[in-house]
Chemist: 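Take this structure first; my questions come after.
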Amino acid sequence: MTAFFEKFLTKDSLFLDKKVLQANYTPNKILHREQEIEQIAHVLAPALRMEKSSNLFIYGKTGTGKTVCVKYITNNILEVASKNRIPLRIVYINCKLKRVADTEYRLIAQLATEFGKAIPATGLPTDEVYKIFFSALDSKEQVIILILDEIDQLAKKAGDAILYNLTRINEELKKAQLSIIGISNDLVFVDNLDPRVKSSLSEEEILFPPYNALQIQDILYERAKRAFKKDALGEGVIEKCAAYAAREHGDARRALELLRVAAEIAERKGLSKVSLNHIDEAEEKIERERILDAVQTQPKQFQAVLYSVLKLSEKNKPLIFTGEIYDFYKSLCDKINLRPLTQRRVSDVLAELDMLGIINAKVISKGRYGRTREITISTSHEITNKLKELLEKALEIS
DNA sequence: CGAGATTCATGTGAAGTATACCTTTAGGCTTAA
DNA sequence: AAGCCTAAAGGTATACTTCACATGAATCTCGTA
């Protein structure tokens, strides 16, 4: 054991600074987004004069740099603010996180917690929580910029009334000022909003177009310079990562992750260079971990339903229907001593699993033979097998 | 043969229920003057 | 008399159930050519 660690220590790493490639890293130079950054900066600048800045709505596909740009700007603005003793506060919330900010109550509770007020998970009336949040907000003169990431998820689950309430809070605040930045991956999201919400939320709008392959390459080169030691990357590695990511609507986050994981794989193998086939391995690994992770954090019932789907797909059938799943699921529940949910609920569970991208579900009509969800597994065989193992363990299936 | 009607299996919306948790309040007990 | 603790009462959010109705194309029915 000691020998292993000794060797680990002396073996030199491919990385110079790994965190440069990690998802939450904010670089101090963002390429190919000069215009967007300037626009955002213009919108937010009034906050420094203690004026309310316009609400801002940012949209663009995943990995187009929305979050990074916003974080970059807010970091800068915070710096200036603290230097000049301006009471500016930035709150960032990701609305997608299940059980954190995916309902009205939980979002406001989360916000209140950000302001140092502990809110129980249940029990309080929602408007009470609003009041607590409100008084925390208005307790002193300050400007607050509230960033709601993945706001489309929130509106989809919790309705847009909550957004209306938030945009209206400002009118009642006496001392503080609140501006909202909404970030959405869904390009048509605003169009489905209540017009009142729409007009107040998107006083300013900025669209982030996808990066093209060349731009992603630039970004990768820039980061790789900091992240890796010289010559750690083989010929064409960056190009390939960029190409893969460009294929997926120019997702830079994905490209970076691909590069990092590929390097980790190479390093673990004790190689001194990352080569092209590591990228393929990395892609596989990322996909696997994304799914395994998502599944692991699901409630037991969800896992049981998913397991049923997997088991049924095993029988070499390309399409599975809700009814079969429910039957299997019920007998499964019997076996593992789980109280079965109703079909109604399972229907919703399946819809949610679809949303998570773990399965593909499509509602079809089979004419005379009724209407159902047609379900397919979207992942590769290998991952499916791993999943089954994991679920068997989690559900204690012998 | 083709237009409508029918049918099936389940999707989907609304309303109700169970659970877990919160605050408030009233009563009982302890404590200190 | 004041202070503290506990338990009951009254209230809420959330996950789930119950009930009832909606869907939509394959299939059936029946009038017509």
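Lettering of chains follows the sequences in order, A, B, ..., and the numbering in each one begins at 1.
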Chemist: For the pair made of OH in A:Y130 and C1' in B:dC22, what is the distance, rounded to whole Å?
Modeler: 19 Å

Chemist: Looking only at side-chain atoms of A:Y105, point me to the closest of C:dT17, B:dG11, C:dT14.
Modeler: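 Taking heavy atoms from C-beta onward, the closest nucleotide is C:dT14.
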
Chemist: Starting the side chain at C-beta, find the nucleotide from C:dT14, C:dT27, C:dT18 nearest to A:T103.
Modeler: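 The answer is C:dT14.
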
Chemist: Which of these nucleotides, C:dC28, C:dT17, B:dT12, is closest to any side-chain atom of A:T342?
Modeler: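 The listed nucleotide nearest to A:T342's side chain is C:dT17.
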
Chemist: What is the separation between atom CD1 on A:I132 and atom P on B:dC22, rounded to the nearest whole Å?
Modeler: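 Checked: the CD1 to P distance equals 12 Å.
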
Chemist: For the side chain of A:L341, counting heavy atoms from C-beta on, which of B:dT12, C:dC16, B:dT10 is nearest?
Modeler: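 Between B:dT12, C:dC16, B:dT10, the one nearest the side chain of A:L341 would be C:dC16.
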
Chemist: What integer distance in Å separates A:D348:CG from C:dT17:C1'?
Modeler: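 Checked: the CG to C1' distance equals 11 Å.
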
Chemist: Charged N to carboxylate O below 4.0 Å: is that the case for A:R247 and A:E283?
Modeler: yes

Chemist: Starting the side chain at C-beta, find the nucleotide from B:dT10, C:dT27, C:dT17 nearest to A:R371.
Modeler: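 The closest nucleotide is B:dT10.
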
Chemist: Grab the CZ-P distance between A:R345 and B:dT17 for me, whole Å please.
Modeler: 19 Å

Chemist: Can you tell me if A:D17 uses its side chain to pair, donor with acceptor, with the backbone of A:R226 under 3.5 Å?
Modeler: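 Checked: no pair found.
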
Chemist: Could you check how far CZ of A:R344 sits from P of C:dC21, rounded to whole Å?
Modeler: 15 Å

Chemist: What is the distance, to the nearest angstrom, from the CZ atom on A:R106 to the P atom on C:dA13?
Modeler: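 The answer, rounded to whole Å, is 12 Å.
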
Chemist: Choosing from C:dC16, B:dC8, B:dT10, which nucleotide comes nearest the side chain of A:R368?
Modeler: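 Comparing C:dC16, B:dC8, B:dT10 against the side chain of A:R368, the answer is B:dC8.
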
Chemist: Please say whether the positively charged group of A:R196, taken as NZ for Lys or CZ for Arg, lies over the ring of A:Y164, i.e. under 6.0 angstrom from the six-membered ring centre and within 45 degrees of the axis.
Modeler: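 Satisfied, under 6.0 Å and within 45°.
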
Chemist: Which whole-number value in Å describes the distance from A:Q343 CD to C:dA15 P?
Modeler: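 Interatomic distance, CD of A:Q343 to P of C:dA15: 21 Å.
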
Chemist: Which is more 5' along DNA chain B, the nucleotide nearest A:G367 or the one nearest A:R373? Just name the residue.
Modeler: A:G367

Chemist: Give a yes/no answer on whether the side chain of A:T322 brings an N or O atom under 4.0 Å of OP1 or OP2 in B:dG11.
Modeler: yes

Chemist: Under 4.0 Å between a side-chain N or O of A:Y369 and OP1 or OP2 of C:dT27?
Modeler: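 Result: yes.
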
Chemist: Would you call A:E389-A:K386 a salt bridge at under 4.0 Å N-O?
Modeler: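 Judged by the 4.0 Å cut-off on N to carboxylate O distance, A:E389 and A:K386 do not form a salt bridge.
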
Chemist: If you round to the nearest 0.5 Å, how far is CG of A:L173 from CG of A:D138?
Modeler: 4.5 Å

Chemist: Roughly, in whole Å, what's the span from CD1 in A:I375 to P in B:dT10?
Modeler: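 Going from A:I375 (CD1) to B:dT10 (P), I get 11 Å.
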
Chemist: Closer than 4.0 angstrom, basic N to acidic O: yes or no for A:K198 and A:D194?
Modeler: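 A:D194 and A:K198: not salt-bridged.
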
Chemist: Can the ring centroids of A:F208 and A:Y59 be said to lie less than 6.0 angstrom from one another?
Modeler: no

Chemist: Residues from residues 120-128 of chain A sitting under 4.0 Å of DNA chain B, heavy atoms only?
Modeler: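 Heavy-atom contacts with DNA chain B come from A:P120, A:T122, A:G123, A:L124.
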
